Amino acid sequence: MSKSTDIEWMPLRKKGDLSQKEIREIFSRSTLFGDVPKRYWKMISDMLHIRSYGEGEVIFESGTPGLGMYVILDGEVKILASAEEDARELVRLHTGDFFGEMSLIDELTRSATALTCKPTLLAGFFRPQLQHLMHQRPRIGVFIMERLAKITFQRLRMANEKLVEYREQNQEEAE
Amino acid sequence: MALLTEPVLKPSVRRTILLILALAAVAIFGIIFPLISDLLVTLIICLVLAYIIRPLMVMMERLGVQREVSILGIFALAIGLLIFALQYFIPFLANEIGSLLTRLEQVNINAFQAKMTAWLDERFPSITTLFGFDGSEAEEWLTRVRGATSGFLEQSLTILASAANVLALSIVVPFITFFILRDGDKLHKNFIARVPNRFFEMAVSLSNRIDEQLGNYIRSVLLESLIVGVLVSVMFAIVGVKFSLVLGIVNGLLNMIPFFGPLISWLPTGLVILITYDQVGFGMFWMAITLISVQSLDNVILKPWLISKSVNVHPAAVLLAVLIGGRIAGPIGMFVAVPVYSVLKVIIVDFYSHLKAYRII
């Protein structure tokens, strides 16, 4: 794994590499932006930061300030439990998946590290942009916040179910 | 345990580089500033205007008005206000300032000194003998003050004249302001696009934070000065003090200099009341009531409400900034020094804290 201490000037993919239509299609597959009305898309796409990453490059690391989320437009990203070199891999994400979305709401530090597994193209959407959207076009802002809340509650529910499972498992083992 | 990303610089190298950078920045600023001061002044005016106009533009955009239409609409409104001011307000203000200056010219310093001594003797019989209050040197002092003031004002006027050919500015400023407002987001995005991945999130966060802080600071300082100016003006107008409008403007402007500005404002205000108000005792009493209450209101309510704590500045820094500002650009420099210092402080403090938080240093 190459360390990302070297400053690399990654050439940005040209617009032709991935059209707005393709980006829109990838976004429409995500639960967060899936049903954003078409008339709002232009405004959201203007706020996206399209970034190109090399293999093994750190996107963000745990402990640094959380700023926002990324949607994978092309490539693969792994999420690690910490910023250490031998950190445990939590999940591997592919084109269309998104990560870091909790930072859109809270201002806490990142709880995990995101690392590319191969050359990857990402679209970043950040808290200042969401706040701007909430202020300028409250309807779209609320729309995204609502989806964020749904995702959060889904995960909370899943975590609760797992907790109950573990407790039952522990009880059985104790008996 | 080794981290995936290590700070780019080792602490010892970091400190040395920071020191060199700081010295280089001071040197470059010192050399470049006089060369590009015209351009900088124009750009600062445009940025300040853009920060003032932007909330209105956002508000109109929120109502569904196109950005270009919003900006042009605000410009049209501003031009309308300017024409109104030129027609009604400015002649009145010019007339007030003109008659105040004539009044000051007419003051017979010796007679004024005699009046003052008599007034003091009447109330505090021992004070003039105690301090050896003798008016013989007053004329000489006044000449000196006049000389220094005219030189000081000349410095500002020279800078204004070179920086601001009024006709050129009236075309250039709206033009640049329009494009800052219309394309600011795109410029910001293009700038961020050129930042390496390692610094990308930091650049997004830092640029947004500086933008937010700058906007808030500029709008807050202007609003605070406006409120102070209006209050002072109204309070003096209530008791019929002449030139209350000029006094309001002077107090509002001086309020932009923290700590010292409000203190200095007592001097011109007191002088105008002494010269123009018939009941000097009551005038002084009313001035004390007005300035103390307005300044308390400013410190207790306006400042905490409007201005972020992150732009708190140390009194010594204020004094130094005002002196340097005065040296570079005369009275205008004195007014601009503290806001410029505060803005630079916000940028530097935020930049440093971001470098630390993102483990770059």
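The chains referred to below are lettered A, B, ... by the order of the sequence lines, with proteins before strands, and numbering in each begins at 1. Values in this document were obtained by computation on a predicted structure and should not be read as measured data. In what follows, every heavy atom counts, from backbone to side chain, and hydrogens, waters and symmetry copies are set aside.
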Original post:
Which bit of Leu48(A) comes within less than 4.5 Å of chain B, counting heavy atoms only: side chain, backbone, both or neither?
Top reply: backbone
Original post:
At what distance, to the nearest 0.5 angstrom, does CG of Asn197(B) lie from CD of Glu57(A)?
Top reply: 4.5 Å
Original post:
Counting only heavy atoms not in Phe179(B), do more than 12 sit closer than 6.0 Å to its CZ atom?
Top reply: yes
Original post:
Taking the side chain as C-beta and beyond, is there a heavy-atom pair between Arg62(B) and Pro138(A) under 4.5 Å?
Top reply: yes
Original post:
CG/Asp46(A) to NZ/Lys186(B) distance, rounded to the nearest 0.5 angstrom?
Top reply: 7.5 Å
**OP:** Report, as yes or no, whether the 6.0 Å neighbourhood of atom CD on Glu68(B) holds more than 12 heavy atoms from other residues, nucleotides or ligands.
**Re:** yes
Subject >> Region of Arg139(A) that comes under 4.5 Å of a non-hydrogen atom in chain B >> reply: neither
Subject >> Centroid-centroid under 6.0 Å between Phe200(B) and Phe60(A) rings >> reply: no
Original post:
When rounded to the nearest 0.5 angstrom, what distance separates CD1 in Ile59(A) from CZ in Arg198(B)?
Top reply: 14.0 Å
Subject >> Gap between atom NE2 of His132(A) and atom CG of Asn208(B) - 0.5 Å precision >> reply: 10.0 Å
Original post:
Say you draw a straight line from CD of Glu61(B) to CD of Gln136(A); how long is it, rounded to the nearest 0.5 Å?
Top reply: 4.5 Å
Subject >> Pairwise distance NZ(Lys189(B)) to CD1(Ile50(A)) - rounded to 0.5 angstrom >> reply: 6.5 Å
Original post:
So, Arg51(A) and Glu201(B), do they make that salt bridge, N to O below 4.0 Å?
Top reply: no
Original post:
By a 4.5 Å heavy-atom criterion (distance strictly below it), what part of Ser62(A) contacts chain B: side chain, backbone, both, or neither?
Top reply: backbone
